[in-house]
K.L.:
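Starting off with a structure, shown below.
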Amino acid sequence: PRRVISLNGEWLFQRDGAPTNEWKSVKVPSSFEQHEGIEFNGVGWYRRSVAPLAVPPGKRVLLHFQAAATDAEVWWNGEKLGTHLGGWTPFRFDVTKQVHKAPAGQPYELRVRVDEKVGHNTQGFLPIIAPHFGGLWQDVQLLIVPDTYCDDLRVLTVGDADNARFRLEMPLAGRVPEEMPEVTVRCRLRDGSTWKGLPVQAAYSDGRIVATAPLADFRHWSPADPILYEVEIGLAGKDGDRIVTRSAFRTMEVFGSQLRLNGQPLQVRGLLNWGYSPPLTAPNPGEAV
């Protein structure tokens with residue numbers, strides 16, 4: 001029921017304060033430093049044209065940013081949609097009304113102002129110990145979703161090993177119904193094995209579904225056997241929304257001076273790795289890169 005339209009690729013960019021006709025082509029996602037040099041610490045403007053959309057009845061359009069460092073302001077056809085502060089977290093805007101009221105067959109204009117804000121507390125202490133970075137450094141997308149959809153930016157899925165079940169919290173967004181829609185849950189190991197439907201017990205309040213789904217034969221996660229489950233949560237109906245998230249089962253406890261994982265003593269040691277990927281001045285954007 002969801003459709004994803006990538007807005008990655010060629011965008012136009014200019015530094016804040018540049019002449020209005022002085023734009024250059026850059027790739028998104030990328031950091032400021034990749035096309036402006038590592039000494040650039042300021043504010044940049046992005047813009048691009050978005051092809052006309054035919055939005056089916058009962059659907060919504062969401063403009064999704066996986067991350068923008070650090071302070072972003074967003075406009076759609078000259079109308080300000082809002083702002084977001086924080087270089088690591090995803091954010092989105094519902095642009096359904098803006099799409100419908102635009103002249104038919106004409107492209108839309110998307111503009112984004114990004115202030116790197118070097119040293120802002122949302123960056124933690126990274127600018128002190130490592131190269132800083134700014135810009136649209138992760139994916140930009142349009143999401144076509146059902147009128148009532150799962151707010152996957154706020155979904156919580158926990159593997160409850162003590163009670164052999166998944167615990168789920170799922171806020172609804174868009175047209176939030178007064179009565180709880182029917183919910184389905186299924187899971188599989190992340191290795192791509194067959195999906196398994198699970199029984200669900202759910203409650204509903206203020207647009208939020210809280211549910212449990214038992215899984216008797218689960219496997220524990222550990223460093224030696226890092227078992228992850230894919231969990232699909234769906235709203236009933238042909239056009240009901242569906243999302244897939246990940247979860248794992250494990251227990252942690254302190255026993256005297258010991259830290260125990262799944263009931264076994266655990267010695268904790270490791271390296272601090274922020275994921276920087278030379279020659280990039282930003283972390284590696286994903287597993288596939």
Side-chain angles (χ1 to χ4, degrees), residues 29 31 66-67 69 86-91 121-133 137-139 150-171 184-201 210-234 242-289:
S31 66
Q66 191 61 26
W88 302 91
T89 48
F91 59 99
N121 58 15
T122 60
Q123 299 175 338
F125 61 90
L126 269 182
I128 301 173
I129 64 171
H132 49 78
F133 63 95
W137 70 284
Q138 290 202 26
D139 293 341
C150 308
D151 186 355
D152 48 307
L153 297 187
R154 297 189 294 149
V155 165
L156 176 65
T157 308
V158 177
D160 183 351
D162 292 332
N163 296 290
R165 64 185 184 179
F166 290 108
R167 291 190 287 109
L168 314 168
E169 294 183 20
M170 184 176 67
T184 62
V185 176
R186 61 179 187 164
C187 75
R188 68 179 181 183
L189 292 173
R190 199 187 169 204
D191 62 9
S193 53
T194 303
W195 288 101
K196 178 180 182 179
L198 303 177
V200 180
Q201 290 185 334
V210 178
T212 58
L215 182 66
D217 55 348
F218 70 86
R219 293 167 58 183
H220 282 88
W221 180 97
S222 71
D225 191 20
I227 294 295
L228 282 178
Y229 287 89
E230 290 183 313
V231 182
E232 184 194 75
I233 309 170
R242 290 193 302 273
I243 62 170
V244 176
T245 183
R246 299 176 185 174
S247 190
F249 290 89
R250 59 188 174 188
T251 61
M252 295 290 295
E253 59 183 337
V254 176
F255 187 81
S257 61
Q258 285 186 345
L259 182 64
R260 293 185 176 182
L261 172 65
N262 301 328
Q264 300 298 317
L266 175 68
Q267 182 180 13
V268 179
R269 60 181 179 178
L271 298 173
L272 176 63
N273 178 15
W274 290 105
Y276 281 92
S277 180
L280 300 180
T281 55
N284 189 315
E287 297 175 356
V289 178

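Hydrogens, waters and symmetry mates play no part in the numbers below; they use all other heavy atoms, side chains included.
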K.L.:
What's the verdict on side-chain contact (heavy atoms from CB on, under 4.5 Å) for Val200 and Leu168, showing C-alpha distance, side-chain angles and the deciding distance?
P.N.:
CA-CA 10 Å; Val200 180; Leu168 314 168; 5.7 Å; no

K.L.:
May I have all residue pairs that pass ring-ring contact (aromatic ring centres under 6.0 Å, His included) and include part of residues 242-270, sequence neighbours excluded?
P.N.:
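The answer is Phe166-Phe249, Phe218-Phe249, Tyr229-Phe249.
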
K.L.:
Rounded to the nearest 0.5 Å, what's the gap from CG on Asn262 to CD on Glu253? Could you check?
P.N.:
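Between atom CG of Asn262 and atom CD of Glu253 there are 9.5 Å.
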
K.L.:
Ignoring hydrogens, what is the shortest heavy-atom contact between Glu230 and Trp195? Give both atom names and the distance.
P.N.:
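Nearest heavy atoms, Glu230 then Trp195: O-CZ3, 3.6 Å.
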
K.L.:
Taking Trp137's backbone N and O only, do any of them form a donor-acceptor pair with Ser31's side chain (distance below 3.5 Å, no angle check)?
P.N.:
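No: the side chain of Ser31 does not pair with the backbone of Trp137.
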
K.L.:
With rounding to the nearest 0.5 angstrom, report the CZ to CG distance, Arg167 to Asp160.
P.N.:
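The CG atom of Asp160 is 5.0 Å from CZ of Arg167, to the nearest 0.5 Å.
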
K.L.:
Considering all heavy atoms of both residues, which atom of Cys150 and which atom of Met170 are nearest to each other, and what is their separation?
P.N.:
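Reported closest heavy-atom pair: SG-SD, 3.3 Å.
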
K.L.:
Can you give me the closest heavy-atom contact between Leu261 and Trp221, atom names plus distance?
P.N.:
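That closest heavy-atom pairing would be CD2-CZ3, 4.3 Å.
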
K.L.:
Heavy atoms only: give me the nearest Ala213-Val185 pair and the separation to one decimal.
P.N.:
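Shortest heavy-atom separation between Ala213 and Val185 comes out as CB-CG1, 4.1 Å.
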
K.L.:
Would a 4.5 Å heavy-atom cut-off, applied to side chains only, mark Thr184 and Arg242 as touching?
P.N.:
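No, side chains not in contact.
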
K.L.:
Drop me the distance from Leu259's CG to Leu266's CG, to the nearest 0.5 angstrom.
P.N.:
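One gets 5.0 Å once the value is rounded to the nearest 0.5 Å.
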
K.L.:
Identify, with sequence neighbours excluded, every residue that meets side chain to side chain donor-acceptor pair (under 3.5 Å) alongside Arg154.
P.N.:
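Side chain to side chain donor-acceptor pair (under 3.5 Å) check on Arg154 returns Asp151.
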
K.L.:
Which atom names give the shortest non-hydrogen contact between Ala161 and His220, and what distance separates them?
P.N.:
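Smallest heavy-atom distance, with atoms named: CB-NE2, 4.0 Å.
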
K.L.:
Using only atom types and a distance under 3.5 Å, with no angle test, would you say the side chain of Asp191 pairs donor to acceptor with the backbone of Ser193?
P.N.:
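Pair found, side chain donor or acceptor close to backbone of Ser193.
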
K.L.:
Working to the nearest 0.5 Å, report the span between CD1 of Ile227 and CZ of Arg219.
P.N.:
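Going from the CD1 atom of Ile227 to the CZ atom of Arg219 covers 3.5 Å.
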
K.L.:
Do Thr245 and Asp152 come within less than 4.5 Å of each other through their side chains, counting heavy atoms only?
P.N.:
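No. Closest side-chain heavy atoms not under 4.5 Å.
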
K.L.:
Write down the atom of Ser247, the atom of Gly159, and the distance for their closest heavy-atom approach.
P.N.:
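Where Ser247 meets Gly159 most closely, the heavy atoms are OG-N, 3.1 Å.
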
K.L.:
Sequence neighbours left out, what passes side-chain contact (heavy atoms from CB on, under 4.5 Å) with Leu156? Give chain and number order.
P.N.:
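Here the qualifying residues are Val158, Glu169.
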
K.L.:
Under the criterion side-chain contact (heavy atoms from CB on, under 4.5 Å), I'd like the reasoning laid out for Lys196 against Leu215: C-alpha separation, chi angles, the key distance, then a yes or no.
P.N.:
CA-CA 10 Å; Lys196 178 180 182 179; Leu215 182 66; 4.0 Å; yes

K.L.:
How many angstroms lie between OG1 in Thr157 and CD1 in Ile233, if you round to the nearest 0.5 Å?
P.N.:
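One gets 4.0 Å once the value is rounded to the nearest 0.5 Å.
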
K.L.:
Heavy-atom count check: over 12 atoms from other residues, nucleotides or ligands less than 6.0 Å from Gln258 CD?
P.N.:
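Atom CD in Gln258 is crowded, with more than 12 foreign heavy atoms closer than 6.0 Å.
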
